[in-house]
Number of protein chains: 2
Amino acid sequence: MTVTLADVAARARVSPATVSRVLNGNYPVAASTRERVLRAVDELDYVLNGPASSLAAATSDLVGILVNDIADPFFGIMAGAAQTEIGGQEGSGRAGGEKLAVVCNTGGSPERELTYLTLLQRQRAAAVILTGGALEDPAHIAAMSAKLTKLADAGTHVVLCGRPPLPGSSAVVASLAFDNRGGGRRLTEHLLALGHRRIGYVAGPAERTTTRHRLEGHRTALAAAGLTDDQGPLTVHGPYDRRSGYKATLELLRRSPDLTAVVAANDTVALGACAAVRDQGLRIPQDISVAGFDDLPFSVDAVPALTTVRLPLHEAGARAGRLAMGTEAPPPGGIATIAAELMARASTAPPRG
Amino acid sequence: MTVTLADVAARARVSPATVSRVLNGNYPVAASTRERVLRAVDELDYVLNGPASSLAAATSDLVGILVNDIADPFFGIMAGAAQTEIGGQEGSGRAGGEKLAVVCNTGGSPERELTYLTLLQRQRAAAVILTGGALEDPAHIAAMSAKLTKLADAGTHVVLCGRPPLPGSSAVVASLAFDNRGGGRRLTEHLLALGHRRIGYVAGPAERTTTRHRLEGHRTALAAAGLTDDQGPLTVHGPYDRRSGYKATLELLRRSPDLTAVVAANDTVALGACAAVRDQGLRIPQDISVAGFDDLPFSVDAVPALTTVRLPLHEAGARAGRLAMGTEAPPPGGIATIAAELMARASTAPPRG
DNA sequence: CTGTTAGCGCCTTCAT
DNA sequence: ATGAAGGCGCTAACAG
């Protein structure tokens, strides 16, 4: 029923091995022979059997990209860039030796993260890219570490993108970590320089690296300005979505009506914060300054334009893709820190009076 | 080196066949035996070899979800919902019979779409979900049709989500099409009812079904109101991104300074349109009304809140996932049209004077 | 440069 | 309910 390599070989009057060689292009074959084989392939409309090929070669062309939330452009941008870098080279129509770059949505669930890793391990994936913040639960870290080590041992390239190095797993090809601390610090410094002293902070989920690092940056800046940490009540945690920003901001405003600025865990959360501020009848930035993080495409279109911290998501994703492919040399020590740039815009201004 | 089924069998003192049977759970096995096998699996930390398994069984647990732009929440929401429906059932840690739901980013390129399909075909994917608008180029339609037929023949379930039925390919399990025409029509009717007569339209790429259907709805409403189609110059095409919305709106304003409203191809484009309107020193909605399409999460937070058309993206994605899994019965005729709901908000109002 | 020969690891009849 | 054995389609040594 289905056409096999042997059929092609017969049609082209060569051995199966030769067909395999021209298809994989990793071995010299006479031009005329290759020609004949390719023609047979087209005539028979042959499609390589991936599983058989992977079994025999003990490797596959699958590359997995894990993201926490596929509906969030933060991840979409990185994943898209990585995927382009991995699968986008040719366009030969007849799908040659391309990798199948594929994104897996964990939804932020540690179980699903592990499950996807197992599934990819089962497929003998060529590489795996883990994007975004990691969970800080010790048990999960240990499980991840073990799993990644096993993957690496099996020859799978493991790359971290926007995620700090995993303690205990040196099996990772490279880790591209965003400078979330530095970005968080500069953002708050900006607010302090403007004259703000009562700054609310809408943080992400408590147990994530990204959340912690951004918050640490914020507190470092505060401390440097001599602001003691009675700031605790000025921080509220919640998921990385607009609703959380809305609710948390309402809560902060209730706790501390003298707030003059709100810093959000990311731009999406900041949007929710803006809505809350407005619904309280307050103006941005005259009454309350609001700032985000990430500089997603929509942030510049917010009204007023959102002050935020730019992360080179596209570049980072592309680089992760190259690292996964082995197209680019890993950074020294396998770790690179990617700079975060303050984008001061109209949503922040000096406080009243 | 790597643990195989045989190793597990030896440890559990059973035959490989028995191990296979407990792992696949599709054949009666004595409880005590199963117990012993499962223990051996855990002790040996065995992971099934996907390629070998797929080769022998002639099927795989891969499910592909194709999207046009992974950085666009429109696709992310659908893909996430589908993926949850497909892979999210258990959480057994040890990854049992789960499918590997995986999203592929075509970037809107027809070649990459075809390439991904071939790659998925090569993997003997269990199902494929195609999301979003399709290209209307005849050659590409023919190629897609042929490819999908081949996939279906090989046992792959093919589901269309947010995409109209493919002419010529009845091999598709089901097609969930959004009522883009109806939505577009109602949106423009809303504007007409408000009193607008000079309405600019920022359309998507010319050769896409989504673009055409939304535009047709728009024109139908116009025609019903007796507005003749000297409207041509009031339509500008461009990609589905904010930049396009910005540029096109500037162009429309230049062509026709008496414009009182701008309808955008989607919410992202609408955001760009809003920015352009503002940069011209005009107010929304007092001077110009602006409307979008899709009702993405950020639209309600725009200032003013964006009038748009809501598409049940999450529900559609989830349903597509179930259809792909065979968990839900296909709609009669394999085609379902999904309603689009007008969300009238603050960005549209009666024109001045 | 090309053909031959063994498996890769698992599933699946067929027996038992 | 379990075991034995063949083969899924391809690749990777080896020859030549």
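Letters A, B, ... mirror the listed sequences (proteins, then strands); counts begin at 1. Heavy atoms only: backbone and side chains are in, while hydrogens, waters and symmetry mates are out.
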Identify the pairs formed between an N or O of the protein and an N or O of nucleotides 10-14 of chain C at a distance under 3.5 Å, and give each distance.
{"unit_1": "C/dC10", "atom_1": "OP1", "unit_2": "B/Y46", "atom_2": "OH", "d": "2.1"}
{"unit_1": "C/dC10", "atom_1": "OP2", "unit_2": "B/L5", "atom_2": "N", "d": "2.5"}
{"unit_1": "C/dC11", "atom_1": "OP1", "unit_2": "B/N24", "atom_2": "ND2", "d": "3.1"}
{"unit_1": "C/dC11", "atom_1": "OP1", "unit_2": "B/S53", "atom_2": "OG", "d": "3.4"}
{"unit_1": "C/dC11", "atom_1": "OP2", "unit_2": "B/S20", "atom_2": "OG", "d": "2.7"}

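- With sequence neighbours excluded, no residue forms a side chain to side chain donor-acceptor pair (under 3.5 Å) with A/N26.
- Residues forming a side chain to side chain contact (heavy atoms under 4.5 Å, CB included) with A/A134 (at least two apart in sequence, or on another chain): A/R163, A/T209.
- The phosphate of C/dT2 has OP1 or OP2 within less than 4.0 Å of a side-chain N or O from A/T33.
- In this structure, the side chain to side chain contact (heavy atoms under 4.5 Å, CB included) partners of A/T156, at least two apart in sequence or on a different chain, are A/V128, A/L151.
- Applying the salt bridge (charged side-chain N to carboxylate O under 4.0 Å, His left out) definition to pairs two or more places apart or across chains, those involving residues 321-331 of chain B are B/E85-B/R322, B/R319-B/E328, B/R322-B/E328.
- Among residues two or more places apart in sequence or in another chain, the side chain to side chain donor-acceptor pair (under 3.5 Å) test is passed with B/D7 by none.
- Two residues, A/L55 and B/S15, neighbour DNA chain D, and the one matched to the more 5' nucleotide by heavy-atom proximity is B/S15.
- Considering only side-chain atoms of A/T2, the nucleotide from C/dG9, D/dG3, D/dG9 that sits closest is D/dG9.
- Atom CZ in B/R34 sits roughly 14 Å away from atom C1' in D/dT2 (whole-Å rounding).
- Rounded to an integer number of Å, the gap from A/E35 CD to C/dT2 P is 13 Å.
- When the P atom of D/dA1 is taken as reference, atom CZ of B/R36 falls 15 Å away, rounded to whole Å.
- Of the N and O atoms on the side chains of A/S15 and A/T18, at least one donor lies less than 3.5 Å from an acceptor on the other residue.
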